[in-house]
Amino acid sequence: MTKFSPRGWLAAMQLAAAFALVFFAGTATAQRAAEPAPEGARAVNPQDPYENWNRKVYTFNDTIDRWALRPVAQTYRTFTPDIVDRAITNFFNNLSEVRNFTNSIFQLKGESAIVAAGRFTYNTVFGLGGLIDVATAFDLPERPEDFGQTLGYWGVGSGPYLMLPFLGPSSPRHFSGLGADGFVLPSLWDNVDSPYNYYARGVQIIDKRADLIPAEGFVSGDVYIFVRNAFLQRREFLINDGMVTQDPFASEDDDDLMLDDF
C-alpha cells in the first residue's frame, strides 16, 4: 500500500484549497456580475469585488502585525547589525534561486534560467553559502520567477484581489502559485529537517517584515487601498517582466507604490 509523506498530504491539501478558491472566486464573480447593483450603491471595483470582506481580513492581519510581528521585527532591526541583516536577506534570497530556475524553465525563458543557475552558483561558492550577493557584482541581477508568474505566462487570469488571513495580499492565481512553489516544485527547504525548518522560516518572516519597516513612511491615505495597489502593480510588473505600458489597476486613488517585497 502506497504511503503519503507529510509533505505529500500538505501538497494535496494546499492544491485542493487553491482550486477550491479559484472555483469559488470565479463563481462568485460571475454571480456578482449578473446581479444588478442596487440603486445608489457604491460601485464595485472589478479588481476587488470582495472589498468589504477583504477589509475585515486586513484589519485582522493589521492587528496581528501591530501587536506581535512588527514589535519583533523592530527589535530585530534595532539590535541586528546592518551587515548581518543584509547577509540573512541574501541567504534566503539565494535559496529562492532554485524556484527562479524552475519557473524560468516552465516559462521557456532560457536566459533567466541561466541567470538563476549562475547566481546560485556564484553566491553559494564565492558568497559564503549565499551570505554575500556577489552575483549582482558580476552583472547577474536577480530575476524573480514564481509559479504564479508561470500561470500568468500561460494565460491563466489573476482572478479577484484577495486579502488572506496571515498571508496578506493575494489572488487565486498567486495563491495557487504559492502552493505549488511551497509544496510541489523542488526546493532547498526540502533538505532542512524539522524543527529547524520552522525556526528558519520564522527568521525569514521576521527579516522580511523588518525590511519593510522603512517603506512604511511612503504609505499615505487609505492604507488598505495603498497595499492593494502596490501588490497588484508589483504582480503585473513581474508577470510582464517589467514591460508594463499602462497601469490596469489605476484609479482615482493616488495611493500606489511599487514595493519589491510584496
Side-chain angles (χ1 to χ4, degrees), residues 61-62 64-104 111-146 149 166-169 178 181-182 186-220 223 226-227 230-231 233-235 237-238 241-242 257-262:
N61 288 345
D62 184 58
I64 298 297
D65 178 70
R66 285 188 292 109
W67 289 97
L69 184 56
R70 192 185 188 283
V72 174
Q74 183 62 65
T75 302
Y76 167 90
R77 186 176 179 84
T78 300
F79 292 99
T80 304
D82 290 342
I83 189 172
V84 176
D85 178 37
R86 185 70 256 173
I88 292 173
T89 300
N90 288 339
F91 176 79
F92 288 116
N93 286 344
N94 191 50
L95 296 182
S96 69
E97 293 299 343
V98 174
R99 179 202 67 195
N100 297 340
F101 174 81
T102 304
N103 283 288
S104 294
E111 181 179 348
S112 294
I114 293 174
V115 168
R119 281 184 56 83
F120 181 77
T121 301
Y122 278 122
N123 288 339
T124 301
V125 176
F126 303 111
L128 303 179
L131 297 177
I132 304 174
D133 182 9
V134 298
T136 299
F138 291 155
D139 199 24
L140 289 175
E142 183 183 12
R143 298 187 182 185
E145 299 289 350
D146 56 53
Q149 293 169 246
F166 300 106
L167 297 179
L178 289 178
D181 285 329
S187 172
L188 291 177
W189 287 97
D190 298 343
N191 301 317
V192 183
D193 295 330
S194 179
Y196 302 108
N197 56 340
Y198 299 112
Y199 300 152
R201 285 293 192 185
V203 173
Q204 183 184 32
I205 291 172
I206 294 171
D207 176 71
K208 185 174 288 292
R209 181 62 182 91
D211 290 341
L212 281 172
I213 289 178
E216 294 174 357
F218 294 101
V219 179
S220 62
V223 180
F226 183 95
V227 171
F231 172 80
Q233 289 177 41
R234 177 63 178 170
R235 294 305 300 175
F237 179 87
L238 290 174
D241 293 329
L257 177 71
M258 195 78 68
L259 296 179
D260 290 344
D261 290 291
F262 275 101

- Is the backbone of Leu140 close enough, under 3.5 Å, to the side chain of Arg119 for a donor and an acceptor to pair up by distance? yes

- Which one of Leu95, Asn94, Thr89 satisfies the side chain to side chain contact (heavy atoms under 4.5 Å, CB included) criterion with Phe91? Leu95

- Could you give the distance from CZ (Phe126) to CZ (Phe138), rounded to the nearest 0.5 Å? 6.5 Å

- Query: Would you call Leu188 and Phe120 a side-chain contact if the rule is heavy atoms closer than 4.5 Å?
  - Reply: yes

- Ignoring hydrogens and angles, state whether a donor on the side chain of Ser187 or Asp181 is under 3.5 Å from an acceptor on the partner side chain. no

- Item | Validation row: Glu145, Asp241 side chains within 4.5 angstrom (heavy atoms) | yes

- Nearest non-hydrogen partners of Glu142 and Asn100, listed with the distance: OE2-ND2, 3.7 Å

- Sub-4.5 Å side-chain heavy-atom contact between Ile213 and Arg70: yes

- For Pro144 against Arg234, the heavy-atom pair lying closest together: CG-NH2, 4.5 Å

- Task: Tell me, with the steps shown, if Tyr122 and Thr136 meet side-chain contact (heavy atoms from CB on, under 4.5 Å).
- Result: CA-CA 10 Å; Tyr122 278 122; Thr136 299; over 6 Å; no

- Query: Salt bridge or not for Asp82 and Arg77, using N-O below 4.0 Å?
  - Reply: no

- Identify the heavy atoms of Ala210 and Pro214 that sit nearest to each other, and give their distance. O-CD, 3.6 Å

- Item | Point-to-point distance, once rounded to the nearest 0.5 Å, from CG of Asn61 to CG of Leu69 | 10.5 Å

- 4.5 Å side-chain heavy-atom contact, Ile205 and Phe92: no

- Note on the structure: Between Thr121 and Ala117, the two heavy atoms sitting closest are OG1-O, 2.9 Å

- Salt-bridge criterion met for Arg86 and Asp133 (N-O under 4.0 Å): no

- Query: Quick one: are Asn197 and Asp193 in side-chain contact, heavy atoms under 4.5 Å?
  - Reply: no

- Query: Considering all heavy atoms of both residues, which atom of Leu131 and which atom of Asn90 are nearest to each other, and what is their separation?
  - Reply: O-ND2, 3.1 Å

- Are Phe101 and Ile114 close enough, and set up right, to give a side-chain contact (heavy atoms from CB on, under 4.5 Å), and what steps lead you there? CA-CA 8 Å; Phe101 174 81; Ile114 293 174; over 6 Å; no

- Decide side-chain contact (heavy atoms from CB on, under 4.5 Å) for Ile132 and Asn123; before the verdict, give the C-alpha distance in whole Å, the side-chain angles of both, and the deciding distance to 0.1 Å. CA-CA 6 Å; Ile132 304 174; Asn123 288 339; over 6 Å; no

- Message: Would you say that Pro71 contacts Trp67 through its side chain, given a criterion of any heavy-atom pair below 4.5 Å between the two side chains?
- Response: no

- Query: Hey, is Arg66 close enough to Glu216 for a salt bridge, meaning N to O under 4.0 Å?
  - Reply: no

- Check: Gln149 side chain, Asp146 main-chain N or O, donor-acceptor pair, under 3.5 Å: yes

- Identify whether NZ of Lys or CZ of Arg in Arg99 sits under 6.0 Å from the centre of the six-membered ring of Trp189 and within 45° of that ring's axis. no

